[in-house]
Structures are given as C-alpha cells and as structure tokens.
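In what follows, chains are A, B, ... by sequence order, proteins preceding strands, each numbered from 1. Since the structure is predicted, the reported quantities are computational estimates derived from the model, not experimental observations.
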Number of protein chains: 2
Amino acid sequence: MTKARKAILKTLENVEEPISASELAKRLGDFCDPATVYRNLHYLEKNNLATSFILHCSEHGTERYYSSKEGNEHHHWFHCEQCHRFIDLGGCFYAEQVRQFEEKHAFTVHDHTFYLTGICQRCKQKLGL
Amino acid sequence: MTKARKAILKTLENVEEPISASELAKRLGDFCDPATVYRNLHYLEKNNLATSFILHCSEHGTERYYSSKEGNEHHHWFHCEQCHRFIDLGGCFYAEQVRQFEEKHAFTVHDHTFYLTGICQRCKQKLGL
DNA sequence: CAATATTTGCAAGTCATTTGCAAATAAAAG
DNA sequence: CTTTTATTTGCAAATGACTTGCAAATATTG
Ligand SMILES: [Mn+2]
Ligand SMILES: [Mn+2]
Ligand SMILES: [Zn+2]
Ligand SMILES: [Zn+2]
C-alpha cells in the first residue's frame, strides 16, 4: 500500500461524515495530486474499504461522497443544505424491502441509494425558523 | 408557453420512464438547442410540472433524469444497468418514515431520494443468469 | 399594432472527474 | 541488498453534463 493510499484511507477513517472527493483532495493539499485521490477512491471502493454515493447540493453541485467501510455496513444520511453537514440516520434499514422488490419484480438489485436533504435543527434556529 | 417548452413537456408526458436531459435534447434534435432544453427543464421543475433526480450509471455517467409531474405524486424507480430502462416501484412510500426522521432529529426534510440499481429480469435471462 | 417582458440560439465557460504517458515507487525475484 | 517487473503517481490535456452572457427572436400586455 502506497503512502498516498494510506493517507487517503486514514483521512476517510478519521472523518465522521461522508466527504466529497474534491474536499478530500483539498485536505490532502500538496500531499498528492487530485488525480491520485480520485484513482485511489476508486481503488478503495472496489476493494471494499470505502463506499460512496452521489448527492447534489445547490451550493456544491453534484459530487460523490465517500466513507470508509467498517464491516459490511453502510449508513444512510441527511444532508443539511445550509451548513452542508451530514446527519447519520443509522445503518441500512432497507435490506428487507429491497428483497421484497426483487421478489415482486424478478430483478436483481446491486445497490440502493437513499438520502434526505433539508435544514438541520441548528440551522433552523440560526435562521429563526 | 413557447413552442420549445410545449414540446419538452409533451415529450416528458409521453415517456413512461424518467428520461435524462441529454437524451431529451437528443430526441428534440434540431427542434431546439440543448441549452433551451436545460433551461426549460429547470422552469418545468420550478413550476411543479416535472420532477427529477440524479443517478449514476457506469455507461451513461451521472445525469439528471426527469419525469412529468401529474398531481403531487412522485415515484421511485429501479434502474437496469444493462438495458438502462427504469422499472416503476410505485408511488412514494416514504412519507411516514421521513416524518419520523424529522421528529427524531428535529431537522426539516425538503426532499428525499431513493432508487435501486441492478439487472432486470429480461437482461438476466438474456445473459443466462 | 406598439411597447415590454421573456425566451432562444450560439458560443464560450465551468467544474468534477477521467485519462495518456513517462517518471517514480512498490512488490516480487534472486 | 540489487535487479526485474508490476503498480502508482504527477502533470497536463481531455471529457461531458450543465451553465451563462448576449443580442436576436418570440411571446405577452395594453
Ligand atoms: Mn452540500
Ligand atoms: Mn443507465
Ligand atoms: Zn445545518
Ligand atoms: Zn435490463
């Protein structure tokens, strides 16, 4: 494992929320090239050390967000459109529902995406909502 | 309502699956400029005549997919990574769950995204799976 | 029909992400 | 440890969906 790859994985592990590839590249700064960040994120995801999903937010546009993958769990998230933080909704709660859809429609599901967007409690208060 | 806008809306209404902006532009061909398609899709969505979601597929990349909006309903979809068709999973079944998350975390949800990706029945057969 | 507001085409930009390639580094072999 | 081979990296250029400025064209208003 190269030093760039180790640094990227460690950064993912130290962050408690999904982080976008571009933000990750920014944090690594001169440590390695953005292209290296992108390539290694692909590597980590293919090797089950990270997961990702794409999310669009009006301020940051459409980006892919990554989390390190501990075990086989993945979580679902709420994204605040104001402060751009994520709130963990907990481990995946869709396994059974997905299975039912597979049965009903006879397709095979490889992946599912679920997330919420809105305004978090803190931002509501700040804005007096 | 301009003729470009009418044509775009009619195309959306005649299509039974979500359609990407670029595919829509391709279908309209010389009828209007791609920029006009993008601008009108924004217009239609802002005026509650269409809805959209972004989805990544390895073959077509990350794109926004649009559907015409009849009433206030929105549907969730399965996307086949092989034939790139969508299968309707039915009207939204998350209203209650979203409400519970709002209560639990005290945030306000503006939108939610849910979709499945995988291989449809027909493609499984074709591939002998 | 004239005056005003909105929309369009076109060309140029934006921005996350990808890619070709030669140099640098890591892993395997001896 | 040194050589050989395989993988990874930086850099610069490309990609592709989407956006935007602007002047001409079309729609709406009165
Ligand atoms: Mn954001
Ligand atoms: Mn597709
Ligand atoms: Zn917030
Ligand atoms: Zn299929």
Side-chain angles (χ1 to χ4, degrees), chain A residues 1-12 15 17-67 79 81 84 86 113 115 117, chain B residues 1-12 18-67 79 81 84 86 113 115 117:
Chain A
M1 213 179 225
T2 69
K3 83 186 169 99
R5 189 166 291 169
K6 262 188 286 227
I8 290 165
L9 183 54
K10 177 171 287 182
T11 305
L12 278 187
V15 145
E17 301 175 26
I19 181 175
S20 70
S22 60
E23 171 66 23
L24 196 42
K26 200 189 302 170
R27 290 204 196 181
L28 290 172
D30 287 331
F31 189 78
C32 66
D33 193 84
T36 301
V37 173
Y38 284 103
R39 283 192 275 234
N40 276 313
L41 287 171
H42 289 324
Y43 172 91
L44 292 173
E45 189 157 28
K46 187 167 57 181
N47 290 81
N48 271 304
L49 296 167
T51 15
S52 73
F53 58 91
I54 40 161
L55 174 148
H56 175 92
C57 112
S58 55
E59 197 165 321
H60 296 102
T62 302
E63 288 186 278
R64 190 170 282 274
Y65 291 80
Y66 290 85
S67 310
H79 181 67
E81 293 161 337
H84 306 284
F86 285 89
T113 300
Y115 56 81
T117 56
Chain B
M1 213 179 225
T2 67
K3 81 187 171 102
R5 189 167 290 170
K6 261 189 286 227
I8 290 165
L9 182 54
K10 178 171 286 182
T11 305
L12 278 187
I19 181 175
S20 70
S22 60
E23 171 65 23
L24 196 42
K26 200 190 302 172
R27 289 204 196 180
L28 290 172
D30 287 332
F31 189 78
C32 66
D33 193 83
T36 301
V37 174
Y38 283 103
R39 283 193 273 233
N40 276 313
L41 287 172
H42 289 325
Y43 172 90
L44 292 173
E45 190 158 27
K46 188 168 54 182
N47 290 81
N48 271 307
L49 297 167
T51 15
S52 73
F53 58 91
I54 39 161
L55 174 148
H56 175 92
C57 113
S58 55
E59 198 164 321
H60 296 102
T62 302
E63 288 186 277
R64 191 170 281 275
Y65 290 81
Y66 290 85
S67 311
H79 181 68
E81 293 162 337
H84 305 285
F86 285 89
T113 300
Y115 57 80
T117 55

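- For dG16(D), the base has no donor-acceptor partner in the side chain of R64(B) [N/O atoms by modelled type, under 3.5 angstrom].
- Going from atom CZ of F31(A) over to atom P of dT9(D) covers 10 Å, rounded to whole Å.
- Place S20(A) and R39(A) on DNA chain C by their nearest nucleotides, and S20(A) ends up nearer the 5' end.
- Taking the six-membered ring for Trp and thresholds of 30 and 60 degrees, H84(B) and H79(B) have ring planes inclined between 30 and 60 degrees apart.
- Residue Y38(A) places no side-chain N or O under 4.0 Å from the OP1 or OP2 atom of dT18(C).
- Taking 4.5 Å as the limit, some side-chain heavy atom of F86(A) sits within range of a side-chain heavy atom of L55(A).
- Residue H60(A) places none of its side-chain N or O atoms closer than 4.0 Å to OP1 or OP2 of dA16(C).
- Rounded to whole Å, the distance from OH on Y43(A) to P on dT25(C) is 19 Å.
- Between E23(B) atom CD and dA17(D) atom C1' the separation is 14 Å, expressed in whole Å.
- Under 4.0 angstrom from either OP1 or OP2 of dT9(D) there lies at least one side-chain N or O belonging to T2(A).
- Distances shown here put every side-chain N or O of H56(A) at or beyond 4.0 Å from the OP1 or OP2 atom of dC18(D).
- Residues E23(A) and E63(A) form no side-chain contact, since every pair of their non-hydrogen atoms from C-beta on lies 4.5 Å or further apart.
- Two residues are said to be in side-chain contact when any heavy atoms from C-beta on lie closer than 4.5 Å; V15(A) and R27(A) meet this criterion.
- When the P atom of dT7(C) is taken as reference, atom CG of L41(B) falls 14 Å away, rounded to whole Å.
- Checked by atom type and distance alone, the side chain of D33(A) pairs as donor or acceptor with a backbone atom of A35(A) at under 3.5 Å.
- Mapping K3(A) and P34(B) onto DNA chain D by nearest heavy atom places K3(A) at the nucleotide closer to the 5' end.
- Of the candidate nucleotides dG10(D), dA17(D), dT8(C), dG10(D) has the atom lying nearest to any side-chain atom of D33(A).
- Atom pair H42(B):NE2 and dC18(D):C1' shows a separation of 7 Å (rounding to whole Å applied).
- Taking 4.0 angstrom as the limit, S22(B) places none of its side-chain polar atoms (N or O) nearer than this to OP1 or OP2 of dG16(D).
- Taking atom CD1 on I54(A) and atom P on dT18(C), their separation rounds to 12 Å, with Å as the unit.
- In this structure, M1(B) atom CE and dT26(D) atom C1' are separated by 15 Å, rounded to whole Å.
- Listed candidates were dT8(D), dT8(C), dC18(D). Nearest to the side chain of N40(B) is dT8(C).
- In this structure, L24(B) places its CG atom 14 Å from C1' of dC18(D), rounding to the nearest Å.
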